[in-house]
Amino acid sequence: MTQPVMTLSDDQAQAFDAVTQMLRGVGVDLDDQLLTPPRSGKASVAAVIGKAGSGKTLLLAELYKALAAAGVEIVSGDYESRKRKDKRTLAILAPTNKAASVLRMRGVPATTIHRILYTPVYDPEYERIAEWLAGNGTRPQIDGLTDLALDRAAAFYENNKSIPGALAAAGLRGSDFITGWKRREDPLDIGFVDESSMLDQKQFDDLQEIFPTLLLFGDPAQLAPVNQSGAMVFDSLPSPSVLSLSRIHRQEADNPILDLAHALADPQLGFEDFEHMVQSRAAQDPRVVWGQRVEVDLMARSPVLVWRNATRIRLINAFRQVHGAPETALLPGEPLICDGLELPLKHRKKRLDLEARGLIKGAQVIYLGEGRKPGFSRLHVMGAEDPQVSAASIVKIEKPDEEEPFIPFAARMGATFLHGAAVTIHKAQGSQWDAVQVFAPDLYAAARMGRVEAGQPLWKRLAYVAITRAQDRLIWVVRNRLSKPTHGLQTDDLKSTAAPALSLSGSD
């Protein structure tokens with residue numbers, strides 16, 4: 001049996017060995033650390049599934065370490081050397097920036113699916129620096145870049161393995177060395193996909209075209225993508241290809257948030273009984289809070305999770321009112337959610353530009369201020385590797401009982417945003433926050449309606465997803481009240497870097 005560095009549970013070890021066998025069949029031997037060149041053949045797809053706390057992320061991390069130790073090259077979303085035909089490669093993906101950042105914080109070099117589907121086109125002169133940093137060329141001489149600047153780039157890359165970060169350390173901006181984006185033409189090799197319960201069928205099909213060997217990691221208890229009738233992409237895989245993990249109990253002081261999430265699997269548990277359970281845990285453990293009101297200070301970085309759209313809109317407007325936000329403008333520090341891109345087909349290149357920088361549907365963004373052109377915004381994309389951008393924006397503030405949203409300002413076309421102080425539980429999938437507020441009256445309404453999804457009461461699926469978004473503290477809000485802010489909106493807690501412009505005609 002393969003012995004990974006960390007001691008795994010029995011079902012994790014079995015899954016590790018099953019994946020090891022799968023990889024051996026495609027020429028990657030983790031036991032002997034032997035690699036053979038990729039060969040064409042039938043695609044291999046498997047899934048590792050389990051509820052929160054079952055150790056999916058730990059298993060993914062251990063498999064990544066074993067592949068890296070065997071000499072498999074890690075493909076990131078920022079630069080790809082052309083000298084790679086016979087190399088074995090691994091890309092670790094997540095559907096959203098936030099989900100990818102959760103993995104990166106745990107030492108796993110993840111990027112978004114979109115950054116793998118589309119690759120950057122480098123200016124040829126600066127591509128010489130990238131090849132040198134990647135170990136595929138000699139140290140270049142570039143007009144305008146001193147030896148000291150190249151030394152800074154090399155030192156940065158040694159510690160961070162990011163080509164764009166290294167070039168930025170040399171004093172270059174993204175717009176200097178990335179001239180555009182193109183859809184990937186050649187397939188890659190091995191792909192790991194976290195949060196695969198969020199994948200729709202089109203994304204799954206795209207990934208299978210790119211990766212001959214694909215391993216999905218997902219939670220079957222989460223909410224399925226909209227318009228997929230409660231099914232997830234791994235549900236269609238044959239049973240031998242699906243590896244199931246159980247919850248791991250490793251500490252005497254268990255996690256009360258995970259206890260509550262797993263209690264929802266009891267078919268006899270009703271909503272009132274579950275709320276009594278939450279209240280009881282809150283009396284025993286500070287990690288669970290029985291909240292009498294929504295804490296407005298948390299909403300700027302961690303949105304309130306709701307089910308009903310009307311609740312979301314009402315909380316957003318209350319948030320803006322208590323902060324004194326004018327109707328005709330946004331305040332720096334207000335949270336936004338990207339709702340897609342409004343661009344005609346002829347602007348496909350600009351669409352790729354925006355999406356590749358993290359402005360994809362569902363991205364969480366903090367507004368930093370107006371850009372230098374009308375309709376432009378300076379933005380911080382939460383979880384993105386290069387988070388600060390400037391983009392043509394269309395911001396929509398929805399109002400209670402009004403069909404049309406209020407638009408404080410807008411470019412003619414660009415990225416569209418809704419306010420992000422409250423979001424639906426569906427949109428929260430793939431994200432985690434230190435503290436999460438769940439608006440319980442909405443879940444009570446779902447319970448009263450008696451709706452069922454994939455054989456389970458909808459309120460339980462909603463509650464499970466909402467609860468498992470919390471890493472350290474769960475606040476179960478039981479009353480429709482909002483606290484007063486203890487401080488104004490802030491931006492000084494965000495990473496401060498120069499924002500590359502994403503204009504539709506020239507730089508902003």
**Request:** Step by step, work out the salt bridge (charged side-chain N to carboxylate O under 4.0 Å, His left out) result for E62 and K65.
**Result:** CA-CA 5 Å; E62 291 302 312; K65 291 175 186 175; 3.4 Å; yes
**G27 backbone acceptor or donor facing T36 side chain under 3.5 Å** = yes
**Request:** Take D189 and K87 through the salt bridge (charged side-chain N to carboxylate O under 4.0 Å, His left out) test and state the conclusion after the steps.
**Result:** CA-CA 9 Å; D189 189 0; K87 291 185 178 180; over 6 Å; no
**Request:** Can you sort out the partners of A15 under side chain to side chain contact (heavy atoms under 4.5 Å, CB included), two or more places apart, ordered by chain and number?
**Result:** L59, L243, L245
**Prompt:** Centroid-to-centroid, F192 to Y64, below 6.0 Å?
**Reply:** no
**Asked** So does D434 pair up with R301, basic N to acidic O under 4.0 Å?
**Response** no
**Request:** Return yes if a side-chain donor-acceptor contact under 3.5 Å exists between E398 and H419, otherwise no.
**Result:** no
**Item:** Ring centroid separation Y367 to H380 under 6.0 Å
**Value:** no
**Message:** Has T416 got a side-chain atom pairing as donor or acceptor with G340's backbone, closer than 3.5 angstrom?
**Reply:** yes
**Asked** Is K51 atom NZ crowded by more than 12 heavy atoms from other residues, nucleotides or ligands, each under 6.0 Å away?
**Response** yes
**Message:** Closer than 4.0 angstrom, basic N to acidic O: yes or no for D151 and R139?
**Reply:** yes
**Message:** Does this structure show an ion pair linking E327 with R320, if we count only N-O contacts that are shorter than 4.0 Å?
**Reply:** no
**Asked** Does any donor atom in the side chain of E195 or T96 lie under 3.5 Å from an acceptor atom in the other side chain?
**Response** no
**Asked** At their closest point, which heavy atom of S393 faces which heavy atom of L379, and how far apart are they?
**Response** OG-CD1, 4.2 Å
**Prompt:** With a 3.5 Å cut-off and no angle check, do the side chains of R312 and N309 form a donor-acceptor pair?
**Reply:** yes
**Message:** Could you go through Q201 and D205, starting from their C-alpha distance and side-chain angles, then the distance that decides it, and tell me whether this counts as side-chain hydrogen bond (donor to acceptor under 3.5 Å, both in side chains)?
**Reply:** CA-CA 6 Å; Q201 191 60 46; D205 292 342; 3.0 Å; yes
**Listed partners of R473 passing side chain to side chain contact (heavy atoms under 4.5 Å, CB included), at least two apart** = V289, L298, A435, I475
**Request:** Could I get the full list of side chain to side chain contact (heavy atoms under 4.5 Å, CB included) partners for D32, not counting sequence neighbours?
**Result:** D29, L34
**Prompt:** Any salt bridge between K361 and D339, counting N to O under 4.0 Å?
**Reply:** yes
